[in-house]
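Computed over heavy atoms, backbone and side chain alike; hydrogens, waters and symmetry mates excluded.
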Amino acid sequence: MTIVFSVLMGPALVVAVRSWWPSLFDNAKDVAVMYGSDPALGFLFIAAPLMVAAGLPAWWVLGACVRWLDKRRDKDIGDLARDAAAIVKDVRGGL
């Protein structure tokens, strides 16, 4: 799930950060050239951590699911479905 979030949301995050702070990427390219590397490596030094960070919310979603299932440890699948339906009904009623 984290990999899927990183693959789907990572490029969008990189584009958003690059449009918001373009000098960051330009400076990273300059530093890469200064050390004798390819300028694309400088871009990668900024883009790779951003793409990894884009996957972090998936861990929160997984953690929430695990906590929800742990609270309902002694219930069967029917009880779990009723609990999920009640939560969806409450959310819809609040909107």
Any [X] side-chain heavy atom under 4.5 Å of [Y] side chain:
X   : Y   : result
L69 : L80 : yes
F43 : D38 : no
W21 : N27 : no
V17 : F25 : yes

About how many Å separate [atom2] of [Y] and [atom1] of [X], when rounded to the nearest 0.5 Å?
X   : Y   : atom1 : atom2 : answer
L13 : W20 : CG    : CH2   : 11.0 Å
L50 : L44 : CG    : CG    : 11.0 Å
Y35 : D30 : OH    : CG    : 12.5 Å
R18 : D26 : CZ    : CG    : 7.0 Å

message: Assess the residue pair W68 and I87 against the criterion (side chain to side chain contact (heavy atoms under 4.5 Å, CB included)); give the C-alpha distance rounded to whole Å, side-chain angles, the decisive distance to 0.1 Å, and a yes or no.
response: CA-CA 11 Å; W68 186 80; I87 291 170; 3.2 Å; yes

I'd like to know if the side chain of S6 and the backbone of M51 have a donor-acceptor N/O pair within less than 3.5 Å.
yes

query: Would you say V14 and L24 are hydrophobically clustered, going by side-chain heavy atoms of ILVMFWY under 4.5 Å?
result: yes

> Is F5 reachable from W59 through a run of hydrophobic residues whose side-chain heavy atoms are each under 4.5 Å from the next?
Replying inline: yes

Quick one: closest heavy-atom pair of [X] and [Y], and the distance?
X   : Y   : result
S19 : A16 : OG-O, 2.9 Å
G42 : A28 : O-CB, 3.2 Å
A54 : M9  : CB-C, 3.9 Å

Short N-O contact, D79 and R82, less than 4.0 angstrom
yes

